[in-house]
Amino acid sequence: MSPSRLPASFYRRPALEVARDLLGRTLCRELADGSVLRGRLVEVEAYDGPADRASHAFRGLTKRNRWMFEAGGLAYVYLVYGMHHCLNVVTGEAGHPAAILLRAAQLPDGSLVSGPGRLTRAFQVDRGLDGSSLLSGSLWIEAGRPVADRAVRRAPRIGVDYAGAWASRPYRFIVSRS
DNA sequence: GGTGCGATTGCA
DNA sequence: GCAATCGCACCA
């Protein structure tokens, strides 16, 4: 258990707050051989509450989205388009469905992994990690180097045009400068 | 039990 | 611009 692993209290806050605070943090993934992949989170999206039409939780609890209804600190991993995995961080209190989609990270060598499907491929994340705790286990987030307000840009979420007015809400958070 | 489609990506 | 590819949400 790494001492710099972000604690449960980090995740059990409102989704928009957690989303903004995830920027600059270090996504960590331990592989079977014991090596650890790391990347600095530079783009995330919040999906917040039962009224958010863009969220998987909009139509209530289902087999797929059940982890979104748990207390923050879990991974929610699902398959989209039959071929790409998406990695989310569950946030907030139990009963309030919310999660943050991880969209892009900067690797230690400076290269950028951009896109939720590319991110899960790079970090070898699939549905085997769905529902796993970020507080223990092979997937977690460390404190890293938080980002100043002036370096944060907000924008509408990607790929949710079906969500009506919710599609234009600025729920995407991007590191615009280092 | 059947059907339509997606919080994407890569290639033409 | 569009095909790939399948779990699952939803309806019957």
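A note on names: the letters A, B, ... follow the listed sequences, proteins ahead of strands, and every chain is numbered from 1. Please read all numbers here as calculations on a predicted model, not as lab measurements.
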Got a donor-acceptor contact below 3.5 angstrom from the A/R53 side chain to the A/W166 backbone?
-> no
Here the distance between atom P of B/dT9 and atom CG of A/L119, to the nearest Å, is 9 Å
Are A/S114 and A/R103 close enough that a side-chain donor and a side-chain acceptor fall under 3.5 Å? no
Here the distance between atom P of B/dT8 and atom CG of A/L101, to the nearest Å, is 7 Å
Closer than 4.0 Å, any side-chain N/O of A/R59 to the OP1 or OP2 of C/dC10?
-> yes
For A/D149 and A/R20, the nearest pair of non-hydrogen atoms, with its separation, is OD1-NH2, 2.7 Å
Note: A/W67 and A/D130 closest approach over all heavy atoms is CD1-OD1, 3.1 Å
Ranking A/G82 and A/N65 by the position along DNA chain C of their nearest nucleotide, the one closer to 5' is A/G82
Whole-Å distance, A/L79 CG to C/dC8 P, equals 8 Å
Closest non-hydrogen contact found for A/N65 with A/H56 is ND2-O, 2.9 Å
Nearest heavy-atom contact between A/A19 and A/I100 is CB-CD1, 3.7 Å
Dot-bracket for DNA chain C, 5' to 3', Watson-Crick and G-U pairs with both distances under 3.5 Å, [ ] for crossing pairs, | for partner on another strand, reads ||||.||||||.
(message) At 4.0 Å (heavy atoms only), tell me whether A/R53 reaches a base, stays on the sugar-phosphate, or touches nothing.
(response) nothing
_So is the aromatic ring of A/Y81 stacked onto the base of C/dA4, judging by whether the centres are under 5.5 Å apart and the planes are under 30° apart?_
no
- Query: Can you tell me if the side-chain N/O atoms of A/Y162 get under 4.0 Å from OP1 or OP2 in B/dA7?
  - Reply: yes
Practice prompt. Considering only atom C1', compute the distance from B/dC5 to C/dC2 and round it to an integer number of Å.
Written response: 16 Å
If the cut-off is 4.0 Å, is A/H84 near the phosphate of B/dT9, judged by side-chain N/O to OP1 or OP2?
no
When every non-hydrogen atom of A/Y11 is compared with those of A/G73, the smallest separation belongs to CB-N, 3.4 Å
note: A/N88, atom CG; B/dT8, atom C1'; distance rounded to Å ~ 14 Å
Rounded to whole Å, NE2 of A/H56 lies from P of B/dC5 at a distance of 15 Å
Of the listed C/dA9, C/dA4, B/dT8, the closest approach to the A/M83 side chain comes from C/dA4
Rounded to whole Å, the OH-C1' distance (A/Y76 to C/dC8) equals 10 Å
Side-chain N or O of A/R121 versus OP1/OP2 of B/dG10: is the shortest distance under 4.0 Å? yes
Regarding the side chain of A/R64, the nearest nucleotide among C/dA9, B/dT8, C/dG7 is C/dA9
A/L102 CG to B/dT8 P, in whole Å, measures 13 Å
Between A/D52 and A/R157, does any side-chain N to carboxylate O distance fall below 4.0 Å? yes
Q. Are any of A/R118's side-chain N or O atoms less than 4.0 Å away from OP1 or OP2 of B/dG10?
A. yes
Ranking C/dT5, B/dA7, C/dC8 by distance to the side chain of A/K63, first place goes to C/dC8
Can a side chain N or O of A/R103 be found less than 4.0 Å away from OP1 or OP2 on B/dT8?
-> yes
Notebook entry, point to check: So what does A/R157 touch, heavy atoms closer than 4.0 Å: a base, only the sugar-phosphate, or nothing?
Noted result: nothing
Taken to the nearest whole Å, CZ/A/R172 to C1'/B/dT8 is 14 Å
